[in-house]
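Reading through the structure tokens given below for one structure.
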Amino acid sequence: MKYSTPGNSSLRQRIADALCQLQKTLARRDAHVRTVESDFPGQKLALANYQKRTERLAAVNQHFEQSWLAALDTLDQLCQRVRHRQPHLNVLDEQHINQGDSCPDALAFGRLHCRYENWRGYVPRLVPFPLPNALWRAQGDETMRQIHQLLLRLLHVVPVGQLEITAFDPSGLGRALEPFRPLLAIKKLVPAQRILTRSDEIEHALAALTDEVENLIQNQFTAQAADWAAYRSTRRDRLLPYRLLLIFDLPEQLSDRSLWSLTRLIEHGPRCGVLPVMVADVARLEDRKFTALRDALRTCARPIDALVKGDIVPQTDAIITVSEEGEFWPQPQALDNFLRQLAQCYQQHAGTQRPLGELWAEEDYWRSSSAQGISAPIGWSDEGEPVCLALGGTHTEHHVLLAGRSGSGKSNLLHVLIHGLCHAYGPDELRVWLLDYKQGTEFSAYASPPLPHASLVATEGCPEYGVTVLTHLCEELDNRARQFKQHDVRDIGEYRAVCSEPLPRLLLIVDEFQILFSSGRDVADKADRLLNQLLRQGRAYGIHLLLATQTLRGLQSGSTGQLISQMGCRLALACSQEDSAMILGNGNWAAAELNSPPQGIINNANGALTANKRLTIPQAQRQLLQHHLASMAARAQAEGHCTRTRVFNGSHLPAMPHPAWFAERSDQQLRLLPGLCLDFSEAPLAIPCGPRAANLLIAGYDRRIQKGLLLSLLRSVATSGQIDQIVWFNPNGVATDALFSAGDVPVRHCQHSDELAGLLSDPVSARRVLLIEGLDEVKAFHSDMSFRGAPKKDEPPSPKDLLRAWLENGPRHGSFTFAFTDNWRRCNTLCKELTPLFEQRIGFAMNEDDAGAFLSGGSLVKFKGLTADNRAAWADRTTSEVTTFRPFISEDDK
């Protein structure tokens, strides 16, 4: 049901006028009767006079009956209109819930029983709304009934989503509102989702309401809209909620600060749409410490029973007798059904918020300049005003810390911010860098089609990759420093003023940034140093950071605490009190009270309590985002913007390039191209094969990576022009896949060690590559564990000796060996005479102990990261160089 403000605004007065009309009708009839009787006095009249008197009295009664019935009909229609909207409480149903946005101007609170002679009638007793005064009464069963009736009436007449209830019951622990317990699950209706009982939480809740009242009086109300009702009528786009404060057992658990706040709320709350309703222990209020509270109750509050004893009932004098009757209370099952229906309405209302598109002004599309900073709306304040996140300006902050527990809407807020900024600023004004450690797909939406503003879209990245991104941004910072020095300017604003060439601001967004500090001290120290450099120096060069996380617990130590302190803008979503204090500042627990999503707090003063600004964040619907992204991509293409988006997905290995890609990168020396370096540049890893470092041992058990490495090595060899023949030793006899074709380079296959020994004993007459699959599986290559003397003079060399000689001498003649093994430990034990001759190593799918021993050669050295299935590491043991890379894999294995 929806209330129509113009039609409803006069009902209370019109009912009062209708009752007065009945009174006047009776009064006129009595006056006319007295006139007739005065004209014909006496007990005995002549027949003629008796007839005249009878005729005149009949005329009076006839006129009275017509007027009386007309007045009753008017009153009945008005009463039906009231009861259509506000029926008796025992017949409430879903149709009576106010799902509009207008409030009535009066509450039906009980009824008036009107009597005159044989006539009986009932009229709804209407109480002005919003109630002009706080209400209170001493403890008692009747008091509880009246409060329950008032609460139930408010629940259905105040628009869904526009009533907030705060309740205190320190002695009863919530029993005072027993019939309404199902409402505690509705966070929009009962933000605390419980009835408060402890002194500290009561104090905090009263202080928050007092702050709200103070803000309305000082910052929102005007001469034309000086109270809650007037503000709502003039600002239909900014509807303030009506707040009901229920306090039982007053003054139990009230601290001195609570008493001060409550006194202010009694005095000023009703004007601001905050109605205190109190049940008091009158004897305890006699204490001197409650003098101010008693004075406020006496001068600014009304007894609850004043709503029942008729002091606001229209005056009807004594002709019509009027008595008061309370509401009819619903049966328990009927009440439960109504409250369930009400909860469903609130749930549906929670999903209807102002759409994101309202934040984007079409006239601002790519027309803003970032010379003096960047700004984008991310939601609306409680008053309905757009709330902006601004960075880089003279009077704004430069970096942002965003935090909120899982499910608080952090990803949604990031989408709102990214699209808001990219709507206002063109790609020449703003470049964004998106680095996601949440192991999700949120940022991947900006990869296809590419967001024109995005320099990087990285999802499921590793800490090592993140450090290379930070390194690249620090290099960009140094480049800009040199540019500014050349033009003798101090910051990006001055540079834009003197240089015509565009220099966009850069915004790095890192989701779950704490992962940067989780991969060992070396990586964490680098990340900390680079982030601090960007935070300290980035503001002058137009480089801004937004770091997002679920919690800061565990990060508030050492230099990381210093890092966080440099982010002056704080965005907090729903979280615990502990996290709220870490995000916003000590003693600032406001984020623990948020209904999030969709609520949040923005604070531009390093978390100072007085700088909190609550906002409602719109839902970033995927369909709208995709349409907006496609629109920006089409516009960028039409205007000739060069899309330079680098896409990095840490969970997917790069696809094997076409042979032509390898051919384009061949030169006078054989170089193996097994994958892409795990850094921002993603340059191909080039392993040189020369006289001093040629033989390559590949260890790890992951068939997908093994297959990819084998194919990439073959393509590197086949397109180099440096190899005449490939000898493929496959002792397991696995059929060669056509995928491993080596092009024009002939391939000779062999499966037996004796056959291979014959090839190795031939003089090196051609440049060859020897591929060995399963080095440790060939017994002929195993070291002899028993003691044997030197070989006899005429005894032929063993396959192991021939392979060792080949490993030692082949590289000098342009011949190289690439060997594979699944188990490095086993291979190193069985082939200990051969493994030292492999100067180059590639490891993958290994634990940190094996990886350290394999790549570095030290049994106590650990190398982390190779347990993941999305990377490998190359080590050159002649230079002690180790490089992590992402190996190519076949399209069939992606």
Check the pair Asn870 / Ser651 against side-chain hydrogen bond (donor to acceptor under 3.5 Å, both in side chains), numbers first and verdict last.
-> CA-CA 6 Å; Asn870 61 354; Ser651 65; over 6 Å; no
Between Leu573 and Leu402, is a side-chain contact (heavy atoms from CB on, under 4.5 Å) present by the stated rule, with each step listed?
-> CA-CA 8 Å; Leu573 304 177; Leu402 166 62; 4.3 Å; yes
Mind checking the [atom1]-[atom2] spacing from [X] to [Y]? Nearest 0.5 Å is all I need.
X: Leu866; Y: Ile842; atom1: CG; atom2: CD1; value: 11.5 Å
X: Ile723; Y: Ser815; atom1: CD1; atom2: OG; value: 6.5 Å
X: His749; Y: Leu756; atom1: NE2; atom2: CG; value: 13.5 Å
X: Arg480; Y: Gln537; atom1: CZ; atom2: CD; value: 13.5 Å
X: Leu530; Y: Leu473; atom1: CG; atom2: CG; value: 9.5 Å
X: Tyr701; Y: Thr821; atom1: OH; atom2: OG1; value: 12.0 Å

Will you find, in the side chains of [X] and [Y], an N or O donor that is under 3.5 Å from an N or O acceptor?
X: Arg768; Y: Gln725; answer: yes
X: Glu773; Y: Trp728; answer: yes
X: Trp806; Y: Thr817; answer: yes
X: Asp579; Y: Gln550; answer: no
X: Ser455; Y: Arg431; answer: yes
X: Arg505; Y: His544; answer: yes
X: Gln840; Y: Asn695; answer: no
X: Thr459; Y: Asp436; answer: no
X: Glu839; Y: Thr878; answer: no

Backbone of [Y] reached by a side-chain donor or acceptor of [X] within 3.5 Å:
X: Glu777; Y: Pro731; value: no
X: Asn532; Y: Asp528; value: yes
X: Arg715; Y: Pro657; value: yes
X: Ser798; Y: Asp801; value: yes
X: Ser716; Y: Leu673; value: yes
X: Thr645; Y: Ala454; value: yes
X: Asn730; Y: Gln751; value: no
X: Gln706; Y: Gly700; value: yes

Mark yes or no: Arg646 above the aromatic ring of Phe680, with NZ or CZ under 6.0 Å from the six-membered ring centre and no more than 45 degrees from the axis.
->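 Yes, Arg646 lies over the aromatic ring of Phe680.
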[X] and [Y]: which non-hydrogen atoms are nearest, and at how many Å?
X: Arg877; Y: Leu855; answer: CG-O, 4.2 Å
X: Asn649; Y: Arg886; answer: O-NH2, 2.9 Å
X: Glu476; Y: Ile543; answer: CG-CD1, 4.5 Å
X: Ser518; Y: Ile515; answer: OG-O, 2.7 Å
X: Ala403; Y: Ile583; answer: CB-CD1, 3.2 Å
X: Arg704; Y: Asp869; answer: NH2-O, 2.9 Å

Does the side-chain contact (heavy atoms from CB on, under 4.5 Å) test come out yes or no for Phe662 and Leu672, once each step is laid out?
-> CA-CA 9 Å; Phe662 290 89; Leu672 306 179; over 6 Å; no
Just wondering, do [Y] and [X] contact through their side chains at under 4.5 Å, heavy atoms?
X: Arg671; Y: Ser720; answer: no
X: Cys474; Y: Gln533; answer: yes
X: Phe513; Y: Leu401; answer: yes
X: Pro674; Y: Phe885; answer: yes
X: Leu545; Y: Leu535; answer: yes
X: Asp478; Y: Tyr541; answer: no
X: Leu714; Y: Ile726; answer: yes
X: Val457; Y: Leu451; answer: no

Salt bridge (Lys or Arg N to Asp or Glu O under 4.0 Å), paired with Asp849, selected from Lys862, Arg825, Lys864 =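 Among Lys862, Arg825, Lys864, the one meeting salt bridge (Lys or Arg N to Asp or Glu O under 4.0 Å) with Asp849 is Lys862.
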Could you list the residues that satisfy ring pair (Phe, Tyr, Trp, His ring centres under 6.0 Å) with Tyr446, not counting sequence neighbours?
->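 Partners of Tyr446 by the ring pair (Phe, Tyr, Trp, His ring centres under 6.0 Å) criterion, ordered by chain and then number, come out as His415, His419.
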State which residues pass ring pair (Phe, Tyr, Trp, His ring centres under 6.0 Å) with His399; sequence neighbours excluded, sorted by chain then number.
->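 If we apply the ring pair (Phe, Tyr, Trp, His ring centres under 6.0 Å) test to His399, skipping adjacent residues, there are no hits.
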Verify the neighbour count for atom CD of Glu808: are there more than 12 heavy atoms of other residues, nucleotides or ligands below 6.0 Å?
->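 Above 12, so yes.
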Please lay out, stage by stage, how Val769 and Leu713 fare under the test side-chain contact (heavy atoms from CB on, under 4.5 Å).
-> CA-CA 10 Å; Val769 163; Leu713 295 182; over 6 Å; no
Give a yes or no on whether the ring-centroid distance for Phe648 and Tyr465 is below 6.0 angstrom.
->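 Yes, the ring centres sit under 6.0 Å apart.
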Would you call the rings of Phe818 and Phe816 parallel, tilted or perpendicular if under 30° counts as parallel and over 60° as perpendicular?
->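 Answer is parallel, since the angle falls under 30°.
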Closer than 4.0 angstrom, basic N to acidic O: yes or no for [X] and [Y]?
X: Asp876; Y: Arg841; result: no
X: Lys410; Y: Glu512; result: yes
X: Asp525; Y: Arg529; result: no

Please step through ring-ring contact (aromatic ring centres under 6.0 Å, His included) for the pair Phe844 and Trp874, ending with a clear verdict.
-> CA-CA 9 Å; Phe844 57 92; Trp874 163 66; over 10 Å; no
Evaluate side-chain contact (heavy atoms from CB on, under 4.5 Å) for Leu803 paired with Ile772, printing each intermediate quantity in order.
-> CA-CA 11 Å; Leu803 178 56; Ile772 303 177; 4.1 Å; yes
